Amino acid sequence: MRRKQYSTVFYQLALFFFVAGILPIAILGIYMYSRISSLAGQELTHSYELLASQYLGAVQEKVMQYETSLDFIAKNTIINEQLGNGEMNSYVRGKMISEEVSQSLILDDRNTIRSCLIYSYLEDTPVYGTRVTMGDVAVREKWYQFWKGAVEEWFFYENPVNVGENLGVLVYPIYHQDLTALKWEQIGIVKLEFYLPRLFAPAREDRNSFRVAVFDDNRQIWYQSDGVDEPEARKCLTVVQGKGWDDGNVRNVSGQMICARRLEECGLNLLLFFGRDGLEEKRREVNRMILPLILLVTGIDSVGCYIFAGMFSKRVNFLVNKFKRVETGDFSVTAPVSGKDELRILDDQFSHMLETINSLIRENYVQELEKKETELQNLQLQINPHFLYNTLETISSIAAVRQTFAVCELCGRLGEIFRYSLGKDYGEFVTVEQELHHVENYVYIQKVRYGDKFEVFYHVEPEVRQCLILRFILQPVVENAILHGIAPMTGCGTLEITVERREETLCVRVEDDGVGMDSMKKAELEEHINGPESSSGEQGKGSIGVRNVHRRIRLACGEQYGVTIESEPYRGSSFLITFPLRRRED
């Protein structure tokens, strides 16, 4: 038996500590592991993006140098003048122009350039040099076959000499201003031809960090670094173009970490492939750092919870055994529970209670038995409510036999009021229709008493007749209006009862045109019905029914509902009773 009790308390505490302590630690640890792993991945991704930005910045810088150099050469006034200078020897001018072209190439690395050559269209002033020749020579060169005549636009073709070293070409026009005709005349072109692998190849220190693939808009690949699988690269390019991922961010595409970027200057799409080894290494590092810590904290917490649950369950079982001994009638005080916490206080209070019970049993047992017998006799002497119902029915029957029908009606109405007041066939809440029927019975009896002293008018919206209100809530207010408002009048009075709906509130207004109240008396009445239970004074004797109505409504429905009063001397009073709108089906 002890083992069962111990196990019950122990496992309940163990379950509590698991749910409240170990489980949150495990969840927090898993979350921290996931979060740190995610942050590590984000950090690595960010480093990849920085590396990609550096690489792309270097490529864009070279491209800008190409375009700047060609623009400078095309607008060089020395070159422009020497191309049209027929006074000097063709080769001398060609040497001067070639030197000027070489000096105008603003490049950090000229190894990427295959050739930079000017082609003159001025047939009457031929010129020849290492970096200048006539336009008819261009027609016989390989690049010319792929040139479509567009200037300041990049195009590419395959190197006929070294396979794999594809070439890119950029052509700028050279214009001369004819001052006589006031127009610009194209006198040649300047062509820059460069090696694409030398332009897009990663730096030596970055070759192991990422791989590069370069495509044009027709999905033709013009450069790929070692290790790039061309079909896989095309597949990744399709995904990137389909989702518009060319913003330079690193993303996981088809299981690969890829950064995509479009070079608008060249009309090329670049894909940078980063290895996943770094990401896996980061995750392994997180595993080595976080998982042992989570296991250690969880283990320490579990052992601590196990020890505490065992010690606490033993103390609880000790106290339970004391309770069971009391069940057998043994009220003797035994050794206290160990410890100084609330469990020890509970044991001390229990021991004190045992001593008190022993004393009470010895001193008051006989007196309590006598008191219970007296109460039982008093209960047996109470009047049975059915006796009153039967008595009223007997009076009504005698009145009917003697044809005193007014007495019959009065007895019937009084019986209904008595039955409604006791609530035997009703609940705490009744419908508006039931409550108004009770008020009609009460008004009938009062009119028999007062004669034609007053008239009552009812204004009830049909939709609220089945709404619920507290039982026996209107009659005290109506009684107050008749006794304190209309009865003191010398003439006849009028009482109006209005029931209507205002949004989600049920409003009942009881108005009379009686003697009314001045502001001081009205304030005293409001203070009385809103005051605490012990504050009832002389004012409460005449309005205890209204006070009880107000308190019942607030207790059952909330502080925002209840009774509010409006009154003026000799102009009557108005009592507004508010309830929450509740229907029978609710």
Side-chain angles (χ1 to χ4, degrees), residues 420-421 423 426-444 446 454-486 493-519 521-532 542-586:
Y420 187 81
S421 300
Y426 304 90
E428 181 182 5
F429 284 88
V430 297
T431 63
V432 172
E433 191 170 19
Q434 290 173 322
E435 182 72 5
L436 287 176
H437 181 67
H438 170 67
V439 171
E440 290 172 354
N441 289 333
Y442 173 78
V443 169
Y444 177 84
Q446 291 290 6
F454 65 91
E455 291 293 334
V456 181
F457 298 96
Y458 301 89
H459 309 284
V460 184
E461 295 182 353
E463 64 172 325
V464 302
R465 286 187 172 273
Q466 296 303 314
C467 291
L468 299 180
I469 60 175
L470 287 170
R471 182 176 61 86
F472 204 66
I473 210 75
L474 296 184
Q475 183 257 321
V477 180
V478 173
E479 179 181 3
N480 185 82
I482 294 175
L483 296 180
H484 300 285
I486 297 177
T494 302
L495 183 67
E496 293 188 11
I497 301 175
T498 304
V499 187
E500 60 184 355
R501 171 185 177 180
R502 296 179 184 176
E503 297 181 352
E504 294 302 314
T505 302
L506 180 66
C507 299
V508 181
R509 187 179 295 276
V510 179
E511 297 179 282
D512 65 78
D513 56 358
V515 296
M517 295 178 286
D518 56 25
S519 59
K521 189 175 182 180
K522 175 176 172 292
E524 291 177 355
L525 178 59
E526 290 177 339
E527 181 180 359
H528 169 69
I529 67 173
N530 288 289
S543 57
I544 188 171
V546 179
R547 173 186 170 86
N548 289 339
V549 167
H550 183 68
R551 289 177 57 81
R552 284 182 60 200
I553 294 174
R554 288 203 163 186
L555 289 173
C557 304
E559 295 293 327
Q560 65 270 37
Y561 303 102
V563 180
T564 56
I565 305 171
E566 296 179 3
S567 182
E568 293 183 15
Y570 308 108
R571 299 189 64 178
S573 301
S574 173
F575 293 79
L576 176 63
I577 312 172
T578 57
F579 304 88
L581 189 66
R582 297 177 181 174
R583 302 174 179 83
R584 180 184 293 273
E585 56 269 18
D586 297 336

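All of these numbers come straight from a predicted model, not from anything done at the bench.
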> Between T578 and G562, is there a donor-acceptor pair closer than 3.5 Å when you use the side chain of the first and the backbone of the second?
yes
> Looking at E496, R509, E568, which hits side-chain hydrogen bond (donor to acceptor under 3.5 Å, both in side chains) with S574?
R509
> Rounded at 0.5 Å granularity, tell me how far CG in L555 sits from OH in Y561.
15.0 Å
> I need the R471 CZ to E435 CD distance, nearest 0.5 Å.
8.5 Å
> I need the single residue from D512, T494, V443 that forms a side-chain contact (heavy atoms from CB on, under 4.5 Å) with F454. Which is it?
V443
> Taking side chain as C-beta onward, heavy atoms only, is F429 less than 4.5 Å from I469?
no
> For R501 and L581, work out which heavy atoms get closest and say how close.
NE-CD2, 3.2 Å
> How about Y458: does its OH atom have over 12 heavy atoms from other parts shown lying under 6.0 Å from it?
yes
> Quick one: closest heavy-atom pair of I473 and R552, and the distance?
CD1-NH1, 3.9 Å
> Is the shortest heavy-atom distance from the side chain of I565 to the side chain of M517 under 4.5 Å?
yes
> Any side-chain heavy-atom pair from Y442 and L474 closer than 4.5 angstrom?
no
> How many angstroms lie between NE2 in H484 and OG in S567, if you round to the nearest 0.5 Å?
12.5 Å
> With side chains defined as the heavy atoms from C-beta onward, is the minimum distance between V508 and V477 less than 4.5 Å?
no
> Drop me the distance from E526's CD to T564's OG1, to the nearest 0.5 angstrom.
8.5 Å
> To the nearest 0.5 Å, what is the distance between CG on L436 and CZ on R465?
6.5 Å
> What distance do Q475 atom CD and I482 atom CD1 have between them, rounded to the nearest 0.5 Å?
9.0 Å
> L576 and C507: which non-hydrogen atoms are nearest, and at how many Å?
CD1-CB, 4.0 Å
> Could you check whether any side-chain heavy atom of R554 comes within less than 4.5 Å of a side-chain heavy atom of N530, counting everything from C-beta outward?
yes
> Closest heavy-atom contact between L468 and R583?
CD1-O, 3.8 Å
> Closest heavy-atom contact between E500 and L506?
O-CD1, 3.6 Å
> What pair of heavy atoms forms the shortest contact from V510 to L495, and how long is it?
CG1-CD1, 3.9 Å
> Do F575 and N480 come close enough that some side-chain heavy atom pair is under 4.5 Å?
yes
